[in-house]
Peer 1: 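The structure follows.
Just so you know, ligand 1 is whichever comes first in the structure, and atom 1 is the first atom listed for that ligand.
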Amino acid sequence: MTDLILGQVLSYTGDPFAEGPSAARVITDGAVAVEGPHIAAVGQAADLRARYPRARVHDHGSKLVSAGFIDAHVHYPQTAIIASWGKRLIDWLNTYTFPEEMRFADPAYAEEIANRYLDLVLARGTTTVSTYATIHPASVDAIFSAARTRGMRLFAGKTCMDRNAPDGLRDSARSAYDDSKALLEKWHGRDRLAYVITPRFSPTSTPEQLHALGQLWHEHPDCLMQTHLCEQTDEIAWVRDLFPQSRDYLDTYEAQGLLREGAVYGHAIHLSDRERARLIEAGASLVHCPTSNTFIGSGLFDMTLAHHLRVGLATDTGGGSNFSMLRTMAAAYEVAQLRGQSLHPAQLWWLATQGSARALRCEDRIGTIAPGMEADLVVIDLASTPAIEQATRRAENLWQAVFPTIMMGDDRAVAEVWVGGRRRG
Ligand code: GUN
Ligand code: ZN
């Protein structure tokens, strides 16, 4: 059975940071043909109706049909402590995050939050995330199981910490290696799931633990490795004290085999010239987390980096203050404005879809609409509230019509979500 999804179909033929907005392609009276888990064809609605006369038709009029959003850096265990008041990074971790992550020793609680989290993001049009779990292996089982039930492509890993974390929330170099390896062997490549080697960040890992995880990555080179880098200035000063032998924060990872293609660093705000150059040279990915970077007071990411390496976009739930990638695009726009850069809506949307797919090195499967890609789709109402509708009415082109939804849209803008060729909302 073929499904035909009709609307204004948005896809990308290139990178709008390199080529400008012309990298986006919009088919005004467009259609996407979905067969099984994949996209079979994209084109004019009239043509595809003729080609698939027996298809089930889902006519969305002038709504936007896009690839589903990809949130390239989240902590699903922080779902319940999102929007916690008044702290900066290290105090925020100690006050809110670590006590909450301790609760994931209970597999039933992990399962409850994993399901709640995926329901929240699917309702906001996010079809893939890359998430940190907690140190507990069962927290990884919980999120992969919840994703599998929903047919989602999902990246996750056990968060490793063997120092500067409370009792009950520390593993060791050995157990981090053993547990991560067992989880990787259990989940990586199963259905649409991918294991990510996940040291939390250098302040909570000894060099021995980073080394053990570097070794594991060496043994499983097709996995991604995710961690945090240069988020706050206090954090960087702490890393300098903890690793006196290292040239800089990035070097604490590089020295243990945790820098190369497939490394995905969250935040990366306060980079030295050397770090910047090495990241580019090594082909690493960075993830911009704008609502988190303002909410926890971290700083303003330099979006010009997107001209030099793979940059994805993320909520960083729950350091980020919202589950929505629309709100995250708005924050990315505002942060860039504060740095004197105006991001085009075509660039913002790309970051939340293909940019994140590239950062996670899965752009051959998800992140845009093209034949053969997996059918993860979101249908967006560009007039979802009276405030947005009245602003959109004046639009003279698609991007003017999309921008009010980027800036003011929320879950009410999400009309339909498709995951792996099936309707999920
Ligand atoms: N750095 C280390 N752990 C975290 C975390 O959970 N959230 C954020 N925003 N930064 C971190
Ligand atoms: Zn994070």
Peer 1: What protein heavy atom lies closest to atom 4 (C) of ligand 1? Include the residue and the distance to one decimal.
Peer 2: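 Result for atom 4 (C) of ligand 1: His228 NE2, 3.5 Å.
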Peer 1: Quick one: which ligand 1 atoms are inside 4.0 Å of a heavy atom on Ile296?
Peer 2: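 Once the distances to Ile296 are compared, the set is 9 (N).
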Peer 1: Write out the residue and atom name of the closest protein heavy atom to atom 10 (N) of ligand 1, then the distance separating them to 0.1 Å.
Peer 2: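 Protein heavy atom at minimum distance: Glu231 OE1, 2.7 Å.
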Peer 1: Would you say Glu231 has an N, O or S atom lying under 2.8 Å from the Zn ion (ligand 2)?
Peer 2: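 Checking Glu231: none of its N, O or S atoms is under 2.8 Å.
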Peer 1: Out of all atoms in ligand 1, which are within 4.0 Å of some heavy atom of Leu89? Include the element for each.
Peer 2: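 What qualifies from ligand 1 is 8 (C), 10 (N), 11 (C).
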Peer 1: Report yes or no: does His267 have an N/O/S atom closer than 2.8 Å to the Zn ion (ligand 2)?
Peer 2: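 So His267 does not bind the Zn ion (ligand 2) by this criterion.
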Peer 1: I want to know if ligand 1 touches Arg200 in the polar sense, i.e. an N/O pair below 3.5 angstrom.
Peer 2: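 For ligand 1, there is an N or O atom that lies under 3.5 Å from one belonging to Arg200.
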Peer 1: If we only count N/O pairs under 3.5 Å, is Glu235 in contact with ligand 1?
Peer 2: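 It does not: no N or O of Glu235 is found under 3.5 Å from an N or O of ligand 1.
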Peer 1: Which ligand 1 atoms, with their elements, are less than 4.0 angstrom from a heavy-atom of His267?
Peer 2: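 Near His267, the atoms of ligand 1 are 9 (N).
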Peer 1: For the pair Ser321 (side chain) and Ala83 (backbone), establish whether a donor and an acceptor sit closer than 3.5 Å, ignoring hydrogens and angles.
Peer 2: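 Not a single qualifying donor-acceptor pair exists.
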Peer 1: If we ignore hydrogens and angles and just use 3.5 Å, is the side chain of Glu235 paired with the main-chain N or O of Gln232 as donor and acceptor?
Peer 2: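 Confirmed, Glu235 side chain pairs with Gln232 backbone.
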Peer 1: Regarding ligand 1, does Asp316 bring an N or O atom to under 3.5 Å of one of the ligand's N or O atoms?
Peer 2: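 Indeed, backbone or side chain, Asp316 has an N or O that close.
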Peer 1: Quick one: are Cys160 and Tyr177 in side-chain contact, heavy atoms under 4.5 Å?
Peer 2: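 Contact flag for Cys160/Tyr177 side chains = no.
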Peer 1: Angle at the Zn ion (ligand 2): provide the value between NE2 of His73 and NE2 of His75, rounding to 10 degrees.
Peer 2: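 Nearest ten degrees: 110°.
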Peer 1: Give yes or no for whether the N/O distance cutoff of 3.5 Å, strictly under, is met between Thr97 and ligand 1.
Peer 2: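 By distance alone, the answer is no.
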Peer 1: Please give the atom name: the N, O or S atom of Asp316 nearest to the Zn ion (ligand 2).
Peer 2: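 This turns out to be OD1.
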Peer 1: Applying ring pair (Phe, Tyr, Trp, His ring centres under 6.0 Å) to Phe243 and Tyr249, what does each step give before you reach the verdict?
Peer 2: CA-CA 8 Å; Phe243 294 84; Tyr249 197 155; 8.2 Å; no
Peer 1: With under 30° as parallel and over 60° as perpendicular, where do the rings of His288 and Phe301 fit, or are they tilted in between?
Peer 2: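 Geometry flag for Phe301 against His288: parallel rings.
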Peer 1: Please determine if Asp162 and Arg170 form a salt bridge, counting it only when a charged side-chain N lies under 4.0 Å from a carboxylate O.
Peer 2: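 No, Asp162 and Arg170 are not salt-bridged.
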Peer 1: What are the atoms of ligand 1, with element, lying closer than 4.0 Å to any heavy atom of Phe201?
Peer 2: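 Going through ligand 1 atom by atom, the ones under 4.0 Å from Phe201 are 1 (N), 2 (C).
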Peer 1: Are Ser285 and Val311 packed together at the side-chain level, in the sense that at least one heavy-atom pair is separated by less than 4.5 angstrom?
Peer 2: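 No, their side chains stay 4.5 Å or more apart.
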Peer 1: Heavy-atom contacts under 4.0 Å between Thr204 and ligand 1: side chain, backbone, both, or neither?
Peer 2: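 Contact part for Thr204 vs ligand 1: neither.
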Peer 1: Could you state the interatomic distance from CG (Leu122) to CH2 (Trp418), rounded to the nearest 0.5 Å?
Peer 2: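 Between Leu122 CG and Trp418 CH2, I get 14.0 Å after rounding to 0.5 Å.
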Peer 1: Do the non-hydrogen side-chain atoms of Leu10 and Trp349 ever get within less than 4.5 Å of each other?
Peer 2: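 The answer is yes, as the side chains (C-beta and beyond) meet within the 4.5 Å cut-off.
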Peer 1: Please confirm whether the backbone N or O of Lys87 pairs with a side-chain atom of Tyr96, one donor and one acceptor, at under 3.5 Å?
Peer 2: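 Looks like no, no N/O pair under 3.5 Å.
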Peer 1: Does only the side chain of Trp92 get under 4.0 Å from ligand 1, or the backbone, or both, or neither? Count heavy atoms.
Peer 2: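 Side chain only; the backbone of Trp92 stays clear of ligand 1.
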